[in-house]
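Positions are given from 1 along the sequence. Computed from a prediction, not measured in an experiment: that's the story for all the values here.
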Amino acid sequence: MLLNYKLSGQPIGSAEPVVLLHGLFGSLENLNIIARALGESYAVINLDLRNHGLSFKSDVMDYPSMAQDVLNVLEYLNIEKAHLVGHSMGGKVAMQVAMLDESKIHKLVVLDIAPVNYHPRHGAIIQALNEVASAQVTSRTEADTKMKAFIEEQGVRGFLLKSLAKDELGKFNWRFNLTVIEANYDKIISNINTTHSCLCDTLFLKGNNSDYIVAEHKDAIMQAFSNARAKIIQGAGHWLHAEKPQAVNRSIIDFIQ
(Lines give C-alpha, C1' and ligand atoms only; values in the text may rest on other atoms or scores of the structure.)
Protein backbone atom coordinates (compact mmCIF):
# COMPACT_ATOMS: atom_id res chain seq x y z
CA MET A 1 0.00 0.00 0.00
CA LEU A 2 1.14 3.50 -0.80
CA LEU A 3 1.02 6.53 1.49
CA ASN A 4 -1.20 9.43 0.53
CA TYR A 5 0.96 12.22 -0.88
CA LYS A 6 0.71 15.72 -2.33
CA LEU A 7 3.06 17.16 -4.92
CA SER A 8 3.85 20.88 -5.12
CA GLY A 9 6.58 23.21 -6.28
CA GLN A 10 8.66 22.21 -9.28
CA PRO A 11 7.94 19.09 -11.36
CA ILE A 12 9.72 15.92 -10.28
CA GLY A 13 12.70 15.46 -12.57
CA SER A 14 13.25 19.17 -13.09
CA ALA A 15 14.45 19.96 -9.56
CA GLU A 16 15.80 18.17 -6.49
CA PRO A 17 12.96 16.54 -4.53
CA VAL A 18 12.25 17.27 -0.86
CA VAL A 19 10.02 14.94 1.20
CA LEU A 20 8.19 16.44 4.20
CA LEU A 21 7.14 14.22 7.13
CA HIS A 22 4.70 15.44 9.80
CA GLY A 23 4.52 14.58 13.48
CA LEU A 24 2.20 12.56 15.70
CA PHE A 25 -1.55 13.28 15.33
CA GLY A 26 -0.79 15.44 12.29
CA SER A 27 -1.14 15.26 8.52
CA LEU A 28 0.66 16.37 5.38
CA GLU A 29 -0.96 19.81 5.72
CA ASN A 30 1.10 20.56 8.85
CA LEU A 31 4.27 21.32 6.90
CA ASN A 32 2.63 23.36 4.13
CA ILE A 33 4.41 26.48 5.36
CA ILE A 34 7.72 24.75 4.62
CA ALA A 35 6.40 23.33 1.34
CA ARG A 36 5.49 26.79 0.05
CA ALA A 37 8.96 28.16 0.82
CA LEU A 38 10.74 25.21 -0.80
CA GLY A 39 8.42 25.06 -3.80
CA GLU A 40 10.18 27.94 -5.54
CA SER A 41 13.26 25.79 -6.15
CA TYR A 42 12.40 22.18 -5.29
CA ALA A 43 9.95 19.42 -6.11
CA VAL A 44 8.08 18.98 -2.82
CA ILE A 45 6.34 15.81 -1.66
CA ASN A 46 4.18 16.05 1.49
CA LEU A 47 3.26 12.66 2.95
CA ASP A 48 0.53 11.42 5.30
CA LEU A 49 2.30 8.81 7.43
CA ARG A 50 0.50 5.51 8.04
CA ASN A 51 -2.50 5.75 10.40
CA HIS A 52 -2.62 9.51 9.74
CA GLY A 53 -4.50 11.76 7.35
CA LEU A 54 -5.74 9.96 4.26
CA SER A 55 -3.09 7.24 4.30
CA PHE A 56 -3.83 3.58 4.93
CA LYS A 57 -4.54 2.13 8.37
CA SER A 58 -2.36 -0.61 9.81
CA ASP A 59 -2.05 -2.39 13.15
CA VAL A 60 1.72 -2.17 12.75
CA MET A 61 3.26 1.14 13.70
CA ASP A 62 7.01 1.14 14.23
CA TYR A 63 9.80 3.19 12.72
CA PRO A 64 11.22 0.56 10.32
CA SER A 65 7.74 0.05 8.85
CA MET A 66 7.04 3.78 8.57
CA ALA A 67 10.46 4.36 7.01
CA GLN A 68 9.84 1.64 4.44
CA ASP A 69 6.57 3.39 3.55
CA VAL A 70 8.59 6.48 2.62
CA LEU A 71 11.04 4.44 0.54
CA ASN A 72 8.07 2.87 -1.27
CA VAL A 73 6.82 6.33 -2.27
CA LEU A 74 10.27 7.30 -3.56
CA GLU A 75 10.37 4.14 -5.66
CA TYR A 76 6.83 4.71 -6.96
CA LEU A 77 7.71 8.27 -8.02
CA ASN A 78 11.03 7.12 -9.56
CA ILE A 79 13.01 9.31 -7.17
CA GLU A 80 16.55 8.03 -6.75
CA LYS A 81 17.57 10.53 -4.08
CA ALA A 82 15.76 13.15 -2.00
CA HIS A 83 16.18 15.60 0.83
CA LEU A 84 14.14 14.57 3.86
CA VAL A 85 12.62 17.03 6.35
CA GLY A 86 10.76 15.58 9.32
CA HIS A 87 9.19 17.11 12.42
CA SER A 88 8.99 15.23 15.73
CA MET A 89 7.73 11.69 14.96
CA GLY A 90 8.30 12.50 11.29
CA GLY A 91 11.86 13.40 12.17
CA LYS A 92 12.36 9.95 13.63
CA VAL A 93 10.86 8.41 10.50
CA ALA A 94 13.30 10.47 8.40
CA MET A 95 16.22 9.31 10.54
CA GLN A 96 15.09 5.71 10.19
CA VAL A 97 14.92 6.08 6.39
CA ALA A 98 18.53 7.21 6.47
CA MET A 99 19.45 4.17 8.56
CA LEU A 100 17.65 1.80 6.18
CA ASP A 101 19.03 3.25 2.93
CA GLU A 102 21.47 6.13 3.20
CA SER A 103 21.93 6.11 -0.58
CA LYS A 104 18.44 7.61 -0.96
CA ILE A 105 19.27 10.72 1.06
CA HIS A 106 20.71 13.99 -0.29
CA LYS A 107 20.50 15.81 3.05
CA LEU A 108 18.49 15.20 6.20
CA VAL A 109 16.75 17.87 8.30
CA VAL A 110 15.31 16.87 11.68
CA LEU A 111 12.99 19.29 13.45
CA ASP A 112 13.09 19.16 17.25
CA ILE A 113 13.54 15.47 17.96
CA ALA A 114 16.54 13.29 18.83
CA PRO A 115 17.42 9.61 18.24
CA VAL A 116 16.64 8.67 21.84
CA ASN A 117 13.89 7.11 23.93
CA TYR A 118 11.36 9.59 25.34
CA HIS A 119 9.20 9.45 28.43
CA PRO A 120 5.42 9.43 27.85
CA ARG A 121 4.10 12.97 27.46
CA HIS A 122 0.83 12.70 25.51
CA GLY A 123 -1.44 11.24 28.21
CA ALA A 124 -3.75 14.25 28.47
CA ILE A 125 -3.96 14.55 24.69
CA ILE A 126 -4.91 10.90 24.28
CA GLN A 127 -7.56 11.29 26.99
CA ALA A 128 -8.99 14.32 25.18
CA LEU A 129 -9.02 12.54 21.83
CA ASN A 130 -10.78 9.51 23.30
CA GLU A 131 -13.32 11.78 24.99
CA VAL A 132 -14.22 13.34 21.63
CA ALA A 133 -14.25 9.98 19.87
CA SER A 134 -16.69 8.45 22.38
CA ALA A 135 -18.98 11.49 22.57
CA GLN A 136 -20.07 11.49 18.92
CA VAL A 137 -19.76 15.26 18.69
CA THR A 138 -21.70 17.20 16.08
CA SER A 139 -19.29 20.12 15.61
CA ARG A 140 -15.67 21.14 16.10
CA THR A 141 -16.84 23.69 18.67
CA GLU A 142 -18.36 20.89 20.76
CA ALA A 143 -15.18 18.87 20.38
CA ASP A 144 -13.06 21.82 21.46
CA THR A 145 -15.20 22.32 24.57
CA LYS A 146 -14.72 18.68 25.59
CA MET A 147 -10.98 18.87 24.99
CA LYS A 148 -10.57 21.93 27.23
CA ALA A 149 -10.99 19.70 30.28
CA PHE A 150 -7.71 17.96 29.35
CA ILE A 151 -5.76 20.47 27.21
CA GLU A 152 -5.45 24.11 28.28
CA GLU A 153 -3.46 25.34 25.28
CA GLN A 154 -5.78 26.57 22.55
CA GLY A 155 -3.02 26.13 19.96
CA VAL A 156 -2.67 22.43 20.74
CA ARG A 157 -6.43 21.91 20.55
CA GLY A 158 -6.56 23.80 17.28
CA PHE A 159 -3.82 21.65 15.80
CA LEU A 160 -5.58 18.44 16.81
CA LEU A 161 -8.96 19.64 15.55
CA LYS A 162 -7.53 19.95 12.04
CA SER A 163 -7.73 16.15 11.93
CA LEU A 164 -11.40 16.01 12.98
CA ALA A 165 -13.48 15.44 9.86
CA LYS A 166 -16.85 14.09 8.77
CA ASP A 167 -16.90 10.55 7.41
CA GLU A 168 -19.12 9.27 4.59
CA LEU A 169 -22.02 9.02 7.05
CA GLY A 170 -21.64 12.64 8.12
CA LYS A 171 -20.22 11.77 11.55
CA PHE A 172 -17.17 13.50 13.00
CA ASN A 173 -14.20 11.19 13.46
CA TRP A 174 -10.46 11.57 13.89
CA ARG A 175 -8.58 11.05 10.64
CA PHE A 176 -5.71 9.41 12.51
CA ASN A 177 -6.12 5.87 13.80
CA LEU A 178 -6.32 6.67 17.51
CA THR A 179 -6.78 3.05 18.63
CA VAL A 180 -3.62 1.85 16.89
CA ILE A 181 -1.61 4.92 17.91
CA GLU A 182 -2.54 4.39 21.55
CA ALA A 183 -1.72 0.67 21.35
CA ASN A 184 1.69 1.42 19.79
CA TYR A 185 2.50 4.55 21.76
CA ASP A 186 5.50 2.93 23.47
CA LYS A 187 7.03 2.28 20.03
CA ILE A 188 6.36 5.83 18.90
CA ILE A 189 8.24 7.38 21.83
CA SER A 190 11.05 4.83 21.59
CA ASN A 191 14.29 5.32 19.70
CA ILE A 192 14.78 4.43 16.06
CA ASN A 193 16.84 1.35 15.18
CA THR A 194 20.34 2.81 15.08
CA THR A 195 22.29 0.00 13.42
CA HIS A 196 25.32 2.11 12.44
CA SER A 197 26.53 5.69 12.15
CA CYS A 198 24.86 7.41 9.21
CA LEU A 199 27.23 9.61 7.20
CA CYS A 200 24.63 11.74 5.44
CA ASP A 201 24.74 15.50 6.01
CA THR A 202 22.20 16.15 8.77
CA LEU A 203 20.82 19.29 10.38
CA PHE A 204 19.01 19.22 13.71
CA LEU A 205 16.85 22.29 14.28
CA LYS A 206 15.82 22.88 17.89
CA GLY A 207 13.35 25.37 19.31
CA ASN A 208 15.15 27.06 22.21
CA ASN A 209 12.01 26.79 24.40
CA SER A 210 11.58 23.08 23.71
CA ASP A 211 12.88 20.20 25.82
CA TYR A 212 12.71 17.62 23.01
CA ILE A 213 16.42 18.10 22.31
CA VAL A 214 18.68 18.77 25.30
CA ALA A 215 22.44 18.83 25.85
CA GLU A 216 22.38 15.26 27.13
CA HIS A 217 21.26 14.08 23.67
CA LYS A 218 24.41 15.28 21.89
CA ASP A 219 26.32 12.00 22.24
CA ALA A 220 23.39 9.94 20.93
CA ILE A 221 22.98 12.31 17.97
CA MET A 222 26.66 12.21 17.03
CA GLN A 223 26.87 8.44 17.42
CA ALA A 224 23.94 7.94 15.04
CA PHE A 225 24.68 10.83 12.66
CA SER A 226 28.37 11.61 12.65
CA ASN A 227 28.01 14.42 10.07
CA ALA A 228 25.33 16.23 12.06
CA ARG A 229 25.19 19.87 12.96
CA ALA A 230 22.65 21.72 15.09
CA LYS A 231 20.98 25.10 15.03
CA ILE A 232 18.75 26.68 17.66
CA ILE A 233 15.71 28.68 16.58
CA GLN A 234 15.24 31.47 19.10
CA GLY A 235 11.77 32.25 20.42
CA ALA A 236 10.36 28.89 19.34
CA GLY A 237 9.14 25.76 21.10
CA HIS A 238 8.46 22.29 19.72
CA TRP A 239 6.30 23.71 16.89
CA LEU A 240 9.20 25.80 15.64
CA HIS A 241 8.12 25.79 11.98
CA ALA A 242 4.73 27.28 12.93
CA GLU A 243 6.12 29.73 15.50
CA LYS A 244 9.16 30.97 13.57
CA PRO A 245 8.52 29.98 9.94
CA GLN A 246 10.91 32.45 8.32
CA ALA A 247 13.85 31.39 10.48
CA VAL A 248 13.11 27.69 10.02
CA ASN A 249 12.58 27.95 6.25
CA ARG A 250 15.75 30.00 5.84
CA SER A 251 17.73 27.46 7.86
CA ILE A 252 16.43 24.55 5.78
CA ILE A 253 17.08 26.27 2.45
CA ASP A 254 20.58 27.40 3.45
CA PHE A 255 21.41 23.84 4.47
CA ILE A 256 20.08 21.87 1.49
CA GLN A 257 20.98 24.22 -1.37
Side-chain angles (χ1 to χ4, degrees), residues 18-26 31 34 49 61-71 81-123 125 181 184-244 247-257:
V18 182
V19 178
L20 303 182
L21 307 173
H22 64 81
L24 183 62
F25 301 124
L31 300 185
I34 297 176
L49 297 176
M61 195 163 183
D62 55 48
Y63 287 113
S65 300
M66 289 191 280
Q68 187 59 52
D69 293 340
V70 177
L71 290 171
K81 211 163 190 175
H83 302 289
L84 293 190
V85 179
H87 173 245
S88 200
M89 180 185 74
K92 280 193 169 182
V93 174
M95 288 187 278
Q96 190 68 72
V97 173
M99 286 289 168
L100 287 181
D101 194 347
E102 188 175 333
S103 70
K104 293 291 186 183
I105 309 298
H106 273 307
K107 291 186 178 180
L108 178 65
V109 181
V110 180
L111 304 182
D112 212 57
I113 200 77
V116 298
N117 294 305
Y118 283 87
H119 295 297
R121 60 172 70 204
H122 296 88
I125 288 176
I181 290 172
N184 289 275
Y185 182 71
D186 286 347
K187 295 177 182 176
I188 294 168
I189 62 173
S190 69
N191 195 8
I192 62 169
N193 289 357
T194 52
T195 54
H196 62 284
S197 181
C198 180
L199 299 178
C200 58
D201 285 337
T202 305
L203 174 66
F204 285 81
L205 287 180
K206 166 187 164 52
N208 76 305
N209 296 326
S210 171
D211 63 353
Y212 274 76
I213 299 178
V214 295
E216 289 76 13
H217 294 159
K218 182 178 179 180
D219 287 347
I221 289 171
M222 296 309 299
Q223 286 173 10
F225 297 93
S226 53
N227 286 329
R229 68 191 79 170
K231 184 173 182 179
I232 296 175
I233 303 298
Q234 298 297 326
H238 185 56
W239 298 97
L240 61 172
H241 54 289
E243 296 168 22
K244 295 292 180 179
V248 169
N249 291 339
R250 185 75 261 159
S251 298
I252 294 172
I253 291 169
D254 287 347
F255 177 67
I256 67 176
Q257 68 183 5

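Thr195 contributes atom OG1, which lies 7.5 Å from atom CG of Leu100 (distance to the nearest 0.5 angstrom). The distance from atom CG of Asp62 to atom CD1 of Ile192, rounded to the nearest 0.5 Å, is 12.5 Å. Taking OG1 from Thr194 and CE from Met99, the interatomic distance works out to 5.5 Å, rounded to the nearest 0.5 Å. Between the CG atom in Leu20 and the CD1 atom in Ile34 there is a gap of 6.0 Å [rounded to 0.5 Å]. Going from atom CD1 of Ile113 over to atom CD1 of Ile213 covers 7.5 Å, rounded to the nearest 0.5 Å. Distance check: Met89 CE to His22 NE2 gives 5.5 Å after rounding to the nearest 0.5 Å.
Under a 3.5 Å cut-off, the side chain of Asn191 and the backbone N or O of Asn117 do not form any donor-acceptor pair. When atom types are taken as modelled, the side chain of Asn208 and the backbone of Ile232 share no donor-acceptor pair closer than 3.5 angstrom. Between the side chain of Ser251 and the backbone N or O of Ala247, at least one donor-acceptor pair lies under 3.5 Å. A donor-acceptor pair under 3.5 Å links the side-chain atoms of Lys206 to the main chain of Ser210, judged by distance alone. Looking only at distances, no side-chain donor or acceptor of His83 sits under 3.5 Å from a matching main-chain atom of Gln257. The main-chain N or O of Asp101 is never found under 3.5 Å from a side-chain atom of Ser103 such that the two would form a donor-acceptor pair. Checked by atom type and distance alone, the side chain of Tyr118 pairs as donor or acceptor with a backbone atom of Tyr212 at under 3.5 Å. The backbone N or O of Gln223 sits less than 3.5 Å from a side-chain atom of Ser197, completing a donor-acceptor pair.
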- prompt: Stepwise, does the salt bridge (Lys or Arg N to Asp or Glu O under 4.0 Å) test hold for Lys231 with Asp254?
  reply: CA-CA 12 Å; Lys231 184 173 182 179; Asp254 287 347; 5.4 Å; no

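Here the closest heavy-atom approach between residue Met66 and residue Met61 is recorded as SD-CE, 3.9 Å. For Leu108 against Phe225, the heavy-atom pair with the smallest separation is CD2-CE2, 3.7 Å. Contact between Lys92 and Ile189 at its shortest, heavy atoms only, is NZ-O, 3.5 Å.
The aromatic rings of His122 and Tyr185 sit perpendicular, their planes meeting at an angle over 60°, well past the 30° parallel limit.
Within 6.0 Å of NZ in Lys107 there are more than 12 heavy atoms belonging to other residues, nucleotides or ligands.
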